[in-house]
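The structure appears below as structure tokens.
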Amino acid sequence: MAETTPHVLIFPFPIQGHINSMLKLAEVLCISGISVTFVNTQRNHSRHLTFTDVQSRFGGFPRFCFEAIPDGLSDQPHSSGFSSFPDFLGLLDRVEKFMKPGFRELLTSNHRFRSDARGPVSCIIADGILGFAIDVAHELGIPSISFRTISACGALCYLCLPKLINNGEIPFKDEDMDRLIKNVPGMENFLRCRDLPSFCRAKDANDPNLNFVITETSYSTRATAHILNTFEEIEAPIISRLRSSYWPNLYTVGPLNALLSTLRRSSSTNSSSSSSVSVSSNASLYEEDRSCMTWLDKQPEKSVVYVSFGSLAMVSREQWLELWYGLVNSSYRFLWVRRPDSLTDKDNEKSQMSAELIEATKERGYMVEWAPQEEVLNHPAVGAFLTHSGWNSTLESMVAGVPMICWPHSAEQPVNSRYVSEVWKTGMDMKDNCNRSTVEKFVRDMMDGDKRQELMKSTTKVSQMAQQSSSISCNGSSYRNYEALLDFIRKSC
Ligand code: UDX
């Protein structure tokens, strides 16, 4: 009897950071011969096709397909549809209201899938913040895997939130920001109140955003298995804690960009199939401005600070200017991604800019609205990354061996930046402090001198570990975990 090919349905929360990592997993599974349906929202679906080469990237996989469902955001003015949404919970409510029926409808009309060669969906990999997807999977008797797009250290902090509330560690007062947190196991010596996920800064334990995170995190424990985009070599103690206390079937398969490169290489050696197409790894919802690559080509090696705050972070005009002055005053070159939807206030920037600032920027700066980030980080001219510590950006920087200056913005980013500076030692943490003199000092320290030498040693080591974890010949941990995940998926069909 012919063996059935599993059919995995992947369902990300419809924002760039989540789509990027889940689409990489989709490609990895396709290379391994699994049938994949990737659920986009209608809005993102058309943006993908406009701005990216997903067609050519997935064109060689006849068992891959996109499905699009409504997300109720088509009337939002900005490109991502999210930064314009003032309140996170309102956004989530709206997304769930529109997406849940569309998702259920897609699965209950599974006969559509039956009639194509790929057969019905045998396993759902849903974003960990889409708890309703796990409900629908349960309802329909389909095994579900929850994919959290965050770090293991961030995930553990989320899981410990009820304990932190019960023990009176949160909420905390502003003057307690530097107090050490005692109830996140393994982090007692370095995690301060200011390093906790941003939701913990709520003044009230009943804060709706805080409660949403707690509920959604506890929900995810109901999935049959879990995936994290991280690797044992940097987060082993936390990963084993997560396995023993919360998620027994946890597969850590990251960094997914490294695993994807490994599998692309291996499939191009083993066959002449078009799955080996060499394309940029991200599927941007924004239009990439590739002129920055030409600009980088003209800069000396390791001379440029790349500045980017992901797809969601918004800053005030004042913070913007402080950052700008800090960069210019450091005298180093910089490439800065300034998304058009990233300012919280709209007053006139020009009135606050000196001629000197503008001149200096023309001389040694370059600005784009969206960059091909992974390519930028791997360009020889890039010497450091000033980042908001989003988990994808952190991993991409680690793989490329670029040290980071962290200015965390929200969610679990403050935990990531603490790990970068205190545990992995691959960067420095500006945490809560972005005035021009701090930026200038951090950039100078990062780009030159003893501090840089020290950081480069550990950054290079972490980069090697990241590559090894996904290597087939080294039998790396993420590669082995990926094989175990494949087994799990095959057994579930
Ligand atoms: C958020 C959270 O920050 C992150 O921690 C969580 O796990 C996922 O959602 P975001 O804030 O957008 O995502 O940051 P990040 O995780 O770093 O993802 C941004 C992605 O956009 C990265 O893959 C990055 O390569 C890409 N990007 C960013 C570009 O391709 N071009 C750019 O100009 C900027």
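We count ligands from 1, going down the list as the structure has it; atoms in each ligand are counted the same way.
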Gln413: numbered ligand 1 atoms lying under 4.0 Å from its heavy atoms: 2 (C), 3 (O), 11 (O)
Indicate yes or no: does an N/O atom of Ala371 lie under 3.5 Å from an N/O atom of ligand 1? yes
Report the relative orientation of the aromatic rings in Tyr366 and Trp295; use parallel for angles under 30°, tilted for 30 to 60°, perpendicular for over 60°. parallel
Report the part of Val337 in contact with ligand 1, treating N, CA, C, O as backbone and CB onward as side chain, heavy atoms under 4.0 Å; options are side chain, backbone, both, neither. side chain
Any N/O pair Glu412/ligand 1 closer than 3.5 Å: yes
Donor-acceptor pair, Ser421 side chain versus Met428 backbone, under 3.5 Å? no
Which label fits Trp424 and Tyr419: parallel for a plane angle under 30°, tilted from 30 to 60°, or perpendicular past 60°? tilted
Phe103 vs Phe11 aromatic rings, parallel, tilted or perpendicular, using cut-offs 30° and 60°? parallel
Just which atoms of ligand 1 are under 4.0 Å from any heavy atom in Gly17? 13 (O), 18 (O)
Taking only non-hydrogen atoms of Trp391 and a 4.0 Å limit, the atoms of ligand 1 in range are 4 (C), 5 (O), 7 (O), 16 (O)
Near Thr149, which atoms of ligand 1 are under 4.0 Å from a heavy atom of that residue? 6 (C), 7 (O), 8 (C)
Between Glu374 and ligand 1, is there a nitrogen or oxygen pair with a distance under 3.5 Å? no
His388 vs Phe309 aromatic rings, parallel, tilted or perpendicular, using cut-offs 30° and 60°? perpendicular
Should you measure from each heavy atom of Ile150, which atoms of ligand 1 turn up under 4.0 Å away? 7 (O)
Any Glu396 heavy atom less than 4.0 Å from ligand 1: yes
Would you say Arg418's side chain and Val423's backbone share a donor-acceptor pair under 3.5 angstrom? no
For the residue pair Phe66 and Phe64, categorise the inter-ring angle as parallel (less than 30°), tilted (30 to 60°) or perpendicular (more than 60°). perpendicular
Quick one: closest heavy-atom pair of Ile181 and Glu169, and the distance? CA-OE1, 3.4 Å
Regarding ligand 1, does Asn416 bring an N or O atom to under 3.5 Å of one of the ligand's N or O atoms? no
Ligand 1 atoms nearer than 4.0 angstrom to some heavy atom of Ser311 are 10 (P), 12 (O)
Taking both backbone and side-chain atoms of Asn20, is any N or O found less than 3.5 Å from an N or O belonging to ligand 1? yes
Hey, are Arg201 and Asp432 close enough for a salt bridge, meaning a charged N less than 4.0 Å from a carboxylate O? yes
Mind checking whether Ser308 has a heavy atom under 4.0 Å from ligand 1? yes
Which heavy atom in Asn392 sits nearest to a heavy atom in Gly17, and how many Å separate them? ND2-O, 2.8 Å
Those atoms of ligand 1 less than 4.0 Å from some heavy atom in His18: 8 (C), 9 (O)
Glu322 side chain vs Arg436 backbone, donor-acceptor pair below 3.5 Å: yes
Does any N or O of ligand 1 fall below 3.5 Å from an N or O anywhere on His388, backbone included? yes
Per-atom contacts, ligand 1 versus Gln16 - under 4.0 Å to a heavy atom: 21 (O)
